[in-house]
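Accompanying notes for the structure given below.
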Amino acid sequence: MSAAECPIKTANIGGGGTRNRDWWPNDLRLNILRQHTGVTNPQNKEFEYAQAFKSLDYDAIKKDLTKLMTDSQEWWPADHGHYGGLFIRMAWHSAGTYRVTDGRGGGGEGQQRFAPLNSWPDNVSLDKARRLLWPIKQKYGNKISWADLYLLTGNVALESMGCPTFGFAGGRADTYEADESVYWGGETTWLGNDVRYASGREGPAGGGGGVVDGDEGPKKDHSDIHSRDLESPLAAAHMGLIYVNPEGPDGIPDPVASARDIRTTFGRMAMNDEETAALIVGGHTFGKTHGAADSANVGPEPEGAPIHQQGFGWQNKHGSGKGPDTITSGLEVIWTSTPNKWSNHYLEYLYKYEWELTKSPAGANQWVAKTDDEFIPDAYDPNKKHKPRMLTSDLALRFDPVYEKITRRWLEHPEELHDTFTRAWFKLLHRDMGPRSRWLGPEVPKEVLLWEDPVPAVDHPLINDTDVSELKKEILATNVDPTNFIRTAWAAASTFRGGDKRGGANGARIRLEPQINWKVNNTAELKSVLSALENVQQKFNSSAPGGKKVSLADLIVLAGVAALEKASGLPVPFTPGRTDASQEQTDTQSFEHLEPVVDGFRNYGVGTDRVRTELFLVDKAHQLTLSAPQLTTLLGGLRSLNANWDSSPYGVFTKQPGKLSTDFFVNLLDMSTEWTPTDSSQEHFEGKDRKTGEKKWQATRHDLIFGHQPELRAIAEVYAQSDAEEKFKKDFIAAWGKVMNLDRFDVR
Ligand code: HEB
């Protein structure tokens, strides 16, 4: 056994041995709810990255980064004397893992430092790029996170090569462990795609790409490359790639089929055809690809590399292993004659030449211009010149009719390319940052963009304590069942997702398309609640300039507060300051991704044949950034409040529905009840008295999981104890407040 194969399973210390995951691979695990906590983060509890960033000497770090671009290091020399291309690729691969479907991935956490990303076959050589930045990170310390630094470096790279950018915002705090919440696919081989196109099951499409020396998996037939459907939420064509195989789907050099993969994967990143084409054209205006020789020369990736390599992977036995001998993708292309300078050469060559299929020195499919002209400068040898070359995925921009139309226009209008590219690049880097209130630094653009999900600024004095009491009275005096205020407040706030910090109650988008019509929001009921609140608002708002005003967003949350105070008998805190967005400020299509498929907190929806119902519950709790105790408190409390989406009795184990109580836990753990499934899929259950057989309760998997999963049961026991009532109510109110304020970065 080699040193790289760590025998974890047989180690008899350090958490070795056969683990629960090995014994019961399908058991519900709560691990994603306890990531990135105080015990993994080395910073002091008081450390606030936003504060630290505000003291950063921004101009100085940009100067240092600019200098670094041309400060070629002997241990990893810069191609053409400039690291710009490498750093752009680093930033792009950092941000490019984002997918709009679930909001996860992306460059917001500095995850490229950790596995699997640090070792993805698509991230070869980026270990070197990140290490080149270490002296700068060391110098500026906590004032800049790795997450911000990777992306800022990409921006500075562009600027240093004559491409002014649209701006930059800092504010991404680092994490200190791999984020386990992201589904990267079900394959067990790098660059495999054997389960990628058939809802995650083994499908007809198999075989890997030919990039680097990944395990290529079973070679199957590739006849479906023009039709197959990529599994959701994946946004890459292979395990271990950021997007698509540069050689074409499954390594088949078919530019039109490649365009199809590009459109799908970039679409999942929230990019339209123009943005997608601009990113590829703009990106490949710079730098080169690396495939000096057979990829068999390349050693194991960082995670699998020996300890003395100190986090470097892919050690290359070919020649010097660096500079002109570098092997990264196994492709050998320099797109333009000025790889350190912004230009329109990429499109000029793409259309000027016809292209011939050829092989890189590493044996990968690539294309060469049909010309005798050799004018592209070599990256190291001033006496050597090359013909223009392209990847299959580059030719997609000419041979796909939609991309062709776009790129031909830019061929004539380079300024339009620059505008679209820099905007798309800004979106790429900032899409997962959440509201503008998180954006820091002197380069935050003034222009507000639709994908920010903007909310208007507060333009009136906020309601004070007297107003709040008055409004609460008015709210409770409507003829709406207070439970419906709880349902509405939850529906509004719980759209938040921690991955990209979209959604939440601010903006009152629950009254707009598409949310108003989501099934889980019970449209008819929601509309009646909203109209009652609008009446309260109209009565309260003064038409005089500078007069009293309350937003509907604040009222929705305040109504939840009022109802919860009534149900709990305790005060519930409220922080005003939300505003109401308009339909025009709402990207309807993009908001569709926030619709819950399953929301266990409201007992909505059931699992699929791949995802157990209760796994959706954990996933939702993760999106809401809840811990396992918070998940438990909220779900149990919501049941006692009778807050199911359709007012169904599932999980409402109480004789006093509508009152905040521990009854859910007490009755769930009551041994006199015996549970049996009422459907063959075991989604619904009936609880009967063991002795009398009398029907007592009904439940779903969302409910019974708290008696089954031992960690959840352990928490449920705490809340079912005779000493729990006060603690429970306080915990519930705190967790409720957390959810209501998830999007309030302005008041944190
Ligand atoms: Fe890129 C590079 C592919 C997109 C930017 N790319 C590269 C390479 C490859 C690729 C293969 C090579 C690597 C080496 O080194 O070898 N891309 C690709 C694909 C895609 C892309 C397939 C999709 C279609 N890119 C992209 C974007 C961007 C970019 C979007 C940005 C914006 N790239 C880039 C750069 C580079 C590359 C800059 C260069 C690097 C250096 O120089 O180092």
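In listed order, ligands and their atoms are each counted from 1. Computed from a prediction, not measured in an experiment: that's the story for all the values here. Position 1 is the first residue of the sequence; numbering continues from there. For the numbers below, each heavy atom of this structure counts, side chains included, while hydrogens, waters and symmetry mates do not.
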> Hey, which atoms in ligand 1 end up nearer than 4.0 Å to a heavy atom of W425?
Replying inline: 32 (C)

> Which word best sums up how the rings of F375 and Y349 line up, parallel for under 30°, tilted for 30 to 60°, or perpendicular for over 60°?
Replying inline: perpendicular

> What do you reckon, does W92 put a non-hydrogen atom under 4.0 Å from ligand 1?
Replying inline: yes

> Does W335 come within less than 4.0 Å of ligand 1, judged by its heavy atoms?
Replying inline: yes

> Side chain, backbone, both or neither: which part of P246 has a heavy atom under 4.0 Å from ligand 1?
Replying inline: both

> Of all residues at least two apart in sequence or in a different chain, which pass the side chain to side chain donor-acceptor pair (under 3.5 Å) check with H318?
Replying inline: none

> Between V124 and ligand 1, which part of the residue brings a heavy atom under 4.0 Å of the ligand: side chain, backbone, both or neither?
Replying inline: neither

> Hey, which atoms in ligand 1 end up nearer than 4.0 Å to a heavy atom of I88?
Replying inline: 38 (C)

>> I need the full list of ring-ring contact (aromatic ring centres under 6.0 Å, His included) pairs touching residues 387-409, with sequence neighbours left out, sorted by first then second residue.
In response: none

> Taking NZ, NE, NH1 and NH2 as the nitrogens, is one of them in E332 or R389 under 4.0 Å from a carboxylate oxygen of the other?
Replying inline: no

>> Checking contacts here: is it the side chain or the backbone of Y83 that comes within 4.0 Å of ligand 1, counting heavy atoms only? Could be both or neither.
In response: neither

>> Closer than 4.0 angstrom, basic N to acidic O: yes or no for D273 and R263?
In response: yes

>> Test side chain to side chain donor-acceptor pair (under 3.5 Å) on D394 and W367; report intermediate values, then the result.
In response: CA-CA 9 Å; D394 294 311; W367 302 77; over 6 Å; no

>> Angle between ring planes, W120 versus W184, binned at 30° and 60°: parallel, tilted or perpendicular?
In response: perpendicular

> Under 4.0 Å from any heavy atom of V244, which atoms of ligand 1 are there?
Replying inline: 22 (C), 24 (C)

> What part of K288 sits under 4.0 Å from ligand 1 if we count only heavy atoms: the side chain, the backbone, both or neither?
Replying inline: backbone

> Against heavy atoms of T328, which atoms of ligand 1 measure under 4.0 Å?
Replying inline: 14 (C), 15 (O), 16 (O)

